[in-house]
Q: 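Quick one: structure below, then a few questions.
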There are 2 protein chains.
Amino acid sequence: MKQRLHTVAIVDDHLLLSGSLEKLINSFDGFKVLFHASNGKELQHKLKANGVAPDIVLLDINMPVMDGFETAAWLNENYPQIKFLALSMEDDEKVILKMLQNGAKGYLLKDIHPDKLKIALSEVMDRGYYHSEKVAATLLHSIQPSNKEVEVKFKENELTFMQLACSEMTYKEIADVMNLSPKTIDGYRQELFNRLHIKNRVGLVIYALKNNIIEI
Amino acid sequence: MKQRLHTVAIVDDHLLLSGSLEKLINSFDGFKVLFHASNGKELQHKLKANGVAPDIVLLDINMPVMDGFETAAWLNENYPQIKFLALSMEDDEKVILKMLQNGAKGYLLKDIHPDKLKIALSEVMDRGYYHSEKVAATLLHSIQPSNKEVEVKFKENELTFMQLACSEMTYKEIADVMNLSPKTIDGYRQELFNRLHIKNRVGLVIYALKNNIIEI
DNA sequence: GTTGTATTCAGGTAAAACCCTCTTGAAATA
DNA sequence: TATTTCAAGAGGGTTTTACCTGAATACAAC
């Protein structure tokens with residue numbers, strides 16, 4: 001029985017992967033790759049220029065120029081009929097959640113078996129979504145918060161202070177930049193040191209790194 | 001004219017990539033994928049078990065269990081007749097050099113065009129090596145050392161000091177642990193601050209992180 | 001109104017961190 | 001032997017951090 005041909009677009013900056021993925025997907029019965037893009041901006045152009053939109057977009061998260069998050073948000077907004085699957089290396093809980101919140105119909109890890117890709121594509125077309133066991137488990141974990149992660153929140157100013165304190169600036173300089181008195185800055189410092197149980201600025205840098213508040 | 005079929009093995013922990021790469025390579029005239037492995041250990045087993053060795057190994061660098069460097073060294077030692085190409089995301093100069101020193105016949109970035117892969121495989125079989133323009137440029141850069149990177153080395157004590165300074169310890173405590181006078185520790189600090197052009201301990205932490213002297 | 005509570009900032013102090021210069025002693029080298 | 005080099009460390013200084021307590025303001029809740 002002949003079924004309708006589903007079209008796929010691949011958005012990934014690794015040409016080697018997207019190129020070979022095309023071969024793989026074209027070998028799947030009922031699927032065909034329509035085009036590639038190496039980042040979100042390129043996808044936008046091609047969608048606008050092409051006239052015809054794909055059924056599914058495979059969307060890499062780590063890309064230059066316009067990354068997966070932005071692209072997801074844009075797709076969701078402008079092409080809600082396109083189903084897109086996030087494609088990523090890591091199974092970072094926060095990242096998965098963010099992509100799903102941005103409308104992704106599924107989350108594929110790059111270490112899945114190629115056969116799984118066909119299953120994923122088919123399920124997305126049939127049921128509207130696909131979730132691997134691994135991702136499902138991660139999601140479950142996220143709604144069953146472990147007793148130790150207390151999910152510390154920071155106010156906007158605290159966050160700014162932390163980021164600046166993780167540079168070589170003195171507190172005086174930070175105060176100038178944030179347009180606050182050095183005494184206020186000292187207040188932030190004290191409050192954070194107490195709350196996070198740290199002894200000095202090095203502790204703050206370490207905390208910020210461990211919690212993805214800053215990057216190196 | 002019929003040419004001999006060249007065999008390829010793929011070592012990469014991303015099944016999706018290796019699986020689709022297989023399709024791509026099998027579509028190349030004159031090449032065929034013999035088997036996959038998701039890390040170096042698996043490659044060892046399959047080579048020993050298989051009896052027949054591939055002509056070329058495509059070797060990913062970032063893998064769990066046994067990474068590209070170890071695998072390269074082992075291949076070079078035990079199967080010198082197998083030509084292997086390093087496959088990686090980043091074009092880190094040090095990494096490229098290390099792989100080439102370990103006997104890689106070429107270095108492929110994952111963002112190359114699929115057609116380039118065929119060229120690379122062919123050239124490796126014909127000429128014994130393949131180097132893309134990008135990698136060639138990087139290599140050139142490495143033998144023409146830029147005036148600024150002076151390849152900073154550290155003495156054992158300096159390294160220990162740096163690692164301890166990247167914790168919440170005071171210099172006094174570091175002096176105790178290292179069994180040296182606080183004044184000596186202050187000397188290390190001063191010397192490092194000058195050499196690395198940093199202003200305070202936060203700068204040291206950042207430097208240590210960027211240069212893989214410590215990890216978080 | 002009053003009672004919270006959050007934000008900003010002040011004064012004061014001790015301890016670290018930071019910086020420069022100098023001595024000593026041992027080892028390497030001329 | 002004389003000279004240089006270098007790690008360890010000291011003296012003595014300034015600046016920054018770190019810690020405490022308390023006050024003025026503002027805004028919302030009771």
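Labels below follow one simple rule: chain letters A, B, ... track the order of the sequence lines, proteins then strands, and each chain is numbered from 1. This is a predicted model, so every value here is computed, not measured.
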Q: Using only side-chain N and O atoms of Arg189(A), determine if any of them is under 4.0 Å from OP1 or OP2 of dC19(D).
A: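 Affirmative; the distance criterion is met.
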
Q: Can you check the Gln190(B) CD to dC19(C) C1' distance for me, whole Å?
A: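 From Gln190(B) CD to dC19(C) C1': 5 Å.
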
Q: With sequence neighbours excluded, tell me which residues meet side-chain contact (heavy atoms from CB on, under 4.5 Å) with Asn102(B).
A: Phe69(B), Ala72(B), Ala73(B), Lys98(B)

Q: Using only atom types and a distance under 3.5 Å, with no angle test, would you say the side chain of Glu158(A) pairs donor to acceptor with the backbone of Lys155(A)?
A: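 Pair found, side chain donor or acceptor close to backbone of Lys155(A).
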
Q: Does Arg195(B) qualify as a cation-pi partner of Phe193(B), given the criterion of NZ or CZ under 6.0 Å from the six-membered ring centre and within 45 degrees of its axis?
A: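 Arg195(B) over Phe193(B) ring: no.
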
Q: Quick one: does Leu16(B)'s side chain get under 4.5 Å of Asp111(A)'s, heavy atoms only?
A: no

Q: Do nucleotides 4-16 of chain C as a string where each nucleotide becomes B, S or -: B if the base has a protein heavy atom under 4.0 Å, S if just the sugar-phosphate does, - if no protein is that close.
A: ---SSBBBB----

Q: Could you give the CD1-to-P distance, from Ile185(B) to dA17(C), as a whole number of Å?
A: 11 Å

Q: Grab the CG-P distance between Asp176(A) and dT16(D) for me, whole Å please.
A: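 After rounding, the reported distance stands at 12 Å.
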
Q: Using a distance-only test with no angle check, is there a side-chain donor-acceptor pair under 3.5 angstrom linking Asp186(B) and Tyr171(B)?
A: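 No, Tyr171(B) and Asp186(B) have no side-chain donor paired with an acceptor closer than 3.5 Å.
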
Q: Return the set of residues passing side-chain contact (heavy atoms from CB on, under 4.5 Å) with Asn78(A) (not counting sequence neighbours), or none when no residue passes.
A: Trp74(A)

Q: Between P on dC19(C) and CD on Glu191(B), what's the gap in Å once rounded to a whole number?
A: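 My rounded result for the distance is 13 Å.
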
Q: Donor-acceptor pairs under 3.5 angstrom involving side-chain atoms of residues 112-126 of chain B: please list them, not counting sequence neighbours.
A:
residue   : atom : partner   : partner atom : Å
His113(B) : ND1  : Asp115(B) : N            : 3.0
Ser122(B) : OG   : Lys118(B) : O            : 2.9
Glu123(B) : OE1  : Arg127(B) : NH2          : 2.9

Q: In whole Å, I'd like the distance from the CG atom of Leu192(A) to the P atom of dT17(D).
A: 15 Å

Q: Hey, can you tell me if Tyr207(B) and Phe154(B) have their rings parallel, tilted or perpendicular (30° and 60° cut-offs)?
A: perpendicular

Q: Hey, are the side chains of Phe35(A) and Leu47(A) touching, using non-hydrogen atoms and a 4.5 Å cut-off?
A: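 A side-chain contact exists here, since the closest heavy-atom pair is under 4.5 Å.
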
Q: Run the salt-bridge test on Lys110(A) and Asp13(B) with the 4.0 Å N-O cut-off and return the result as yes or no.
A: no

Q: Out of the candidates Leu196(A), Val202(A), Asn194(A), only one should pair with Ile198(A) under the side chain to side chain contact (heavy atoms under 4.5 Å, CB included) rule; please name it.
A: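 Single pass found, and it is Leu196(A).
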
Q: Identify the pairs formed between an N or O of the protein and an N or O of nucleotides 25-27 of chain C at a distance under 3.5 Å, and give each distance.
A:
none

Q: Under a 4.0 Å heavy-atom cut-off, which of residues 158-165 of chain A touch DNA chain D?
A: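 When residues 158-165 of chain A is checked for heavy atoms under 4.0 Å from DNA chain D, there are no hits whatsoever.
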
Q: Measure CD/Glu168(A) against P/dC19(C) and give the value in whole Å, please.
A: 10 Å

